[in-house]
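Please read all numbers here as calculations on a predicted model, not as lab measurements.
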Amino acid sequence: MERLRHDDPSQIGPYVTLARLDAESAGRTVPERRYLARDGDGQRTVLVCVPPVGSDPSRWALEAEGARRLSVPGFLNVAEVGGSAGFPWYAAPYTPALPLPAVLAAYGGPLPEDTVRGLGAALARGLAVAHARGVTHAGLSPAAVLVTPGGPLLTCYGAARAGLAGLDPGCLAPEEASGAVPSPAGDLFALGAVLAYAATGHTVPEQSELPPGLRRLVGACLARDPADRPGSAQEPLRELAEPAAAPAGPAVGAASAGDPRLPDVTVFDHSAPPSLPGRVVAALAAQSAALLAAELPVPEQAFAATQKVH
């Protein structure tokens, strides 16, 4: 949660902006501008998003409307879209949330492996549901992951499809960088990049930088050839659901239903929210408290009306 800048909109649709969600330093890797805002009556707080500067607002709006029509567990619940052709926006109900880069900043560095596994399993579960419905997220990156007390939420839906600036290049699959249509295989590449970021602090790590228990999975997801990546999001879900100290098994994608160490995992198993480090929980609580204490700005005209004319 950051102070508004002079060039930030003071109002978006019916919502008065109170703060920026993302740090200014993160602007280059966030494919939309995100604000915490409140309606004029002060009764409803929302996350409201608008296109990044220099992007095509019509393409951004098309993906925002697509997100509104979705109902996928683990995807941000876009409740409202509005605005004009030149300045579209969407809004979602507010819950305390930190972008993944802010989570690492609050923790003081890369996250513990167990936390990475918990977050990754939740993300893989959401992707598995989406892919089973024929939906490709096409925007997964560290900034697109909002960590909440109830688990991570995926935002920035369709950023790669819309060609938006700000998408972390380390999360863009090679075939998509060459112009291919985004696909589930591209989502799995981005999942590997996000896991790598959570575990090391950047999306393109050396194998030696990764915790040993994540090297096989991250390496498979980040394979340049889509055919060498996991066959579906269910495979990373199985891998991440294993305890970190589990002995090495067959390569990702080679597990069989009959392997007793790898029981069939459905997208609804292991659905408890991942546990978060205390410093991250404290940062979420601080954001919520600061937002609760934030007051709506007094409109200038209302102030002027109280002045006496002499």
Are V147 and Y157 connected into the same hydrophobic cluster when the rule is that any two of I, L, V, M, F, W, Y join if their side-chain heavy atoms are below 4.5 Å apart? yes

For A97, is there any backbone N or O sitting under 3.5 Å from a side-chain donor or acceptor partner on Q287? yes

So which heavy atom on P274 is nearest to which on G151, and how close? CD-CA, 4.0 Å

Distance check, rounded to the nearest 0.5 Å: L21 atom CG versus Y94 atom OH? 8.5 Å

Between R33, R3, R5, which is the residue that forms a salt bridge (charged side-chain N to carboxylate O under 4.0 Å, His left out) with E24? R5

pair L164-E32: side-chain heavy atoms closer than 4.5 Å: no

Test your reading of the model: is there a side-chain donor-acceptor pair from R279 to the backbone of A106, 3.5 Å cut-off? no

For the backbone of P9 and the side chain of T17, can you confirm whether one donor and one acceptor N or O come within less than 3.5 Å of each other? yes

Considering all heavy atoms, the nearest R59-G163 contact: NH2-N, 3.9 Å

On a heavy-atom basis, the closest approach of A85 and P88 is O-CD, 4.0 Å

Tell me whether L4 is reachable from M1 by hopping between hydrophobic residues (I, L, V, M, F, W, Y) whose side-chain heavy atoms are closer than 4.5 Å. no

Do you know the tightest heavy-atom contact between A185 and P226? CB-CB, 4.0 Å

Quick one: does D228's side chain have a donor or acceptor within less than 3.5 Å of a partner on A220's backbone? no

Pairwise distance CG(L191) to NE2(H137) - rounded to 0.5 angstrom: 11.5 Å

Working to the nearest 0.5 Å, report the span between CD of E176 and CG of L172. 5.5 Å

Answer whether the closest heavy-atom distance between the side chains of S141 and T29 falls below 4.5 Å. no

Give a yes or no on whether V46 and L36 share a hydrophobic cluster (residues Ile, Leu, Val, Met, Phe, Trp, Tyr; joining criterion: side-chain heavy atoms under 4.5 Å apart). no

L154, L100: one ILVMFWY side-chain cluster at the under-4.5 Å cut-off? yes

Return the CG to CG distance between L18 and D8, rounded to the nearest 0.5 Å. 12.0 Å

Side chains of L146 and R34: closer than 4.5 Å at any heavy-atom pair? yes

Counting C-beta onward and ignoring hydrogens, is there a side-chain heavy-atom pair between V103 and L119 closer than 4.5 Å? no

Minimum heavy-atom distance P230-E235, with the two atoms named: CA-OE1, 3.4 Å

Note, L140 side chain near V194 side chain (heavy atom, < 4.5 Å): yes

Closest non-hydrogen atoms of A124 and A233, given as atom of the first, atom of the second and distance, are O-CB, 3.6 Å

Is there a side chain to side chain contact (heavy atoms under 4.5 Å, CB included) between Y15 and Y35? Walk through the geometry before answering. CA-CA 10 Å; Y15 302 108; Y35 300 93; over 6 Å; no

Say you draw a straight line from CZ of R38 to CG of L292; how long is it, rounded to the nearest 0.5 Å? 7.0 Å

Kindly indicate whether the side chain of L47, heavy atoms from C-beta on, has any atom under 4.5 Å from the side chain of L76. yes

With side chains defined as the heavy atoms from C-beta onward, is the minimum distance between V129 and F75 less than 4.5 Å? no

Would a hydrophobic clustering, with Ile, Leu, Val, Met, Phe, Trp and Tyr connected at side-chain separations under 4.5 Å, put L210 with F189? yes

Please lay out, stage by stage, how L214 and L240 fare under the test side chain to side chain contact (heavy atoms under 4.5 Å, CB included). CA-CA 8 Å; L214 292 175; L240 292 165; 4.1 Å; yes

How long is the span from the CG atom in L195 to the OG1 atom in T203, to the nearest 0.5 Å? 12.0 Å

Candidates L284, N77, T148 - the one meeting side chain to side chain contact (heavy atoms under 4.5 Å, CB included) with T95: T148

Find out whether S232 and P184 are in side-chain contact, i.e. whether some heavy atom of one side chain is under 4.5 Å from a heavy atom of the other. no

Can you tell me if R117 uses its side chain to pair, donor with acceptor, with the backbone of G213 under 3.5 Å? yes

With sequence neighbours left out, which residue pairs that include part of residues 148-172 fulfil the salt bridge (charged side-chain N to carboxylate O under 4.0 Å, His left out) condition? E63-R161

Crowding at CZ, R133 (>12 non-hydrogen neighbours, <6.0 Å): yes

Determine, for E65 against R68, whether the closest basic-nitrogen to carboxylate-oxygen distance falls under 4.0 angstrom. yes

